[in-house]
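Residues: numbered from 1 along the sequence shown.
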Amino acid sequence: SRGWNRSGEGGISDPQGTCARIPAMRQAVKFLHTVSSCGLIGALLGHMLLLWRAPQATAEDYAMLREMISLIARFILVPSLGISLVTGLLAMLVHRQYQQKRWAWAKALLGLSMFEATLAVTQSKAVAAAELSARIAKGDNVLETQRLLAEAIHSEWNVLYAILALSLAQTALGIWRPKLQLKKTGF
């Protein structure tokens with residue numbers, strides 16, 4: 001039946017207030033997506049800052065550094081990444097027009113690849129570096145282990161740069177929303 005909805009505007013009766021909740025849900029999804037994206041970039045930068053400036057002179061210092069990086073990954077990076085991915089996909093469901101936009105699909109694909117890279121590569125690099133530092137602390141083949149640790153840390157930096165670049169690319173896609181259309185050529 002036609003009547004007044006909860007907001008007092010004319011239209012179809014909406015006693016449950018569903019129409020009023022949809023914009024609130026969209027805003028909540030957008031808010032969570034934005035905040036989690038900030039957490040993700042912040043966690044990556046925090047990881048990089050620790051690698052760059054934290055004391056690493058002794059095995060104990062290095063073990064503490066690895067523990068701090070692990071805490072950042074466990075409590076900030078991975079949860080932020082998961083929330084960002086889920087809310088991004090929810091945004092595509094809530095905003096039907098996003099399903100027609102190539103930038104949104106590019107952002108979704110970048111998000112999935114970043115999720116996989118972060119979970120698989122970042123964790124494995126951190127574990128490998130921690131194991132190598134434990135071997136150095138024990139005195140096991142110190143020169144070879146130090147060389148392997150230097151390679152692991154170099155590789156960790158490369159992975160962090162790549163994940164940060166993917167994250168910034170996703171942010172740019174979300175802000176500028178390019179059309180991503182192929183130009184038609186006239187023959």
Side-chain angles (χ1 to χ4, degrees), residues 1-49 69-127 155-186:
S1 69
R2 302 228 4 124
W4 294 93
N5 65 20
R6 286 187 147 204
S7 65
E9 298 171 6
I12 297 179
S13 178
D14 183 24
Q16 304 297 321
T18 307
C19 291
R21 284 193 299 255
I22 290 174
M25 184 171 68
R26 287 180 179 169
Q27 290 172 339
V29 166
K30 184 175 183 176
F31 176 79
L32 285 173
H33 189 70
T34 302
V35 169
S36 64
S37 296
C38 292
L40 175 64
I41 292 171
L44 290 170
L45 292 174
H47 186 145
M48 293 170 131
L49 184 64
I69 288 172
S70 176
L71 289 172
I72 288 173
R74 194 174 334 140
F75 294 110
I76 302 172
L77 181 66
V78 174
S80 293
L81 183 59
I83 291 169
S84 183
L85 183 62
V86 169
T87 56
L89 295 173
L90 281 175
M92 289 184 73
L93 291 173
V94 174
H95 300 281
R96 298 249 181 218
Q97 68 270 22
Y98 287 175
Q99 296 172 13
Q100 307 303 316
K101 306 292 183 183
R102 288 185 181 168
W103 67 264
W105 286 104
K107 197 168 174 343
L109 290 173
L110 284 174
L112 291 171
S113 63
M114 195 168 84
F115 188 76
E116 181 182 348
T118 300
L119 289 181
V121 179
T122 303
Q123 296 293 29
S124 68
K125 296 294 179 195
V127 168
S155 178
E156 185 175 9
W157 274 105
N158 289 338
V159 168
L160 287 169
Y161 287 135
I163 293 170
L164 184 61
L166 284 171
S167 184
L168 292 174
Q170 284 187 295
T171 302
L173 283 171
I175 291 171
W176 287 290
R177 300 177 179 184
K179 294 187 190 282
L180 298 179
Q181 296 178 11
L182 298 175
K183 294 191 181 206
K184 296 180 182 179
T185 58

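Listed by chain and residue number, Leu110, Ser113, Met114 satisfy the side chain to side chain contact (heavy atoms under 4.5 Å, CB included) test with Leu166 (two or more places apart in sequence, or in another chain). Residues satisfying the ring pair (Phe, Tyr, Trp, His ring centres under 6.0 Å) test with Trp103, not counting sequence neighbours, are Tyr98. With sequence neighbours excluded, the residues satisfying side chain to side chain contact (heavy atoms under 4.5 Å, CB included) with Trp105 are Met92. Checked against side-chain hydrogen bond (donor to acceptor under 3.5 Å, both in side chains), Glu156 has the following partners two or more places apart in sequence or in another chain: His47, Arg66. By the side chain to side chain contact (heavy atoms under 4.5 Å, CB included) test, Ile175 pairs with Thr171, sequence neighbours left out. Partners of Ser155 according to the side chain to side chain contact (heavy atoms under 4.5 Å, CB included) rule, which considers only residues two or more places apart in sequence or in another chain, are Lys125. Not counting sequence neighbours, Phe115 has no partner by the ring pair (Phe, Tyr, Trp, His ring centres under 6.0 Å) test. Applying the ring pair (Phe, Tyr, Trp, His ring centres under 6.0 Å) rule to Phe75 yields no partners; only residues at least two apart in sequence or on another chain are considered.
In this structure, Glu116 places its CD atom where only 12 or fewer heavy-atom neighbours from other residues, nucleotides or ligands lie under 6.0 Å away.
Smallest separation of non-hydrogen atoms from Gly46 and Ile72: C-CD1, 4.2 Å. Counting all heavy atoms, side chain and backbone alike, Gly111 lies closest to Leu85 at C-CD1, 3.9 Å.
Rounding to the nearest 0.5 Å gives a distance of 6.0 Å between CG of Leu89 and CG of Leu112. Here the straight-line distance linking atom CD1 of Ile69 with atom CG of Leu77 works out to 11.5 Å at 0.5 Å rounding. To the nearest 0.5 Å, atoms CD1 (Ile76) and CG (Leu40) are separated by 11.0 Å.
Judged purely by atom type and a 3.5 angstrom limit, Arg74 has no side-chain atom pairing as donor or acceptor with the backbone of Leu71.
Partner Thr118 forms a side-chain contact (heavy atoms from CB on, under 4.5 Å) with one of Leu160, Leu81, Leu44 and no other, that one being Leu81.
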Got a list of side-chain donor-acceptor pairs under 3.5 Å for residues 26-33, not counting sequence neighbours?
residue: Arg26; atom: NE; partner: Val94; partner atom: O; Å: 3.4
residue: Arg26; atom: NH2; partner: Val94; partner atom: O; Å: 3.2
residue: His33; atom: ND1; partner: Ser84; partner atom: O; Å: 3.0
residue: His33; atom: ND1; partner: Thr87; partner atom: OG1; Å: 3.0
residue: His33; atom: ND1; partner: Gly88; partner atom: N; Å: 3.4
residue: His33; atom: NE2; partner: Lys107; partner atom: NZ; Å: 3.2

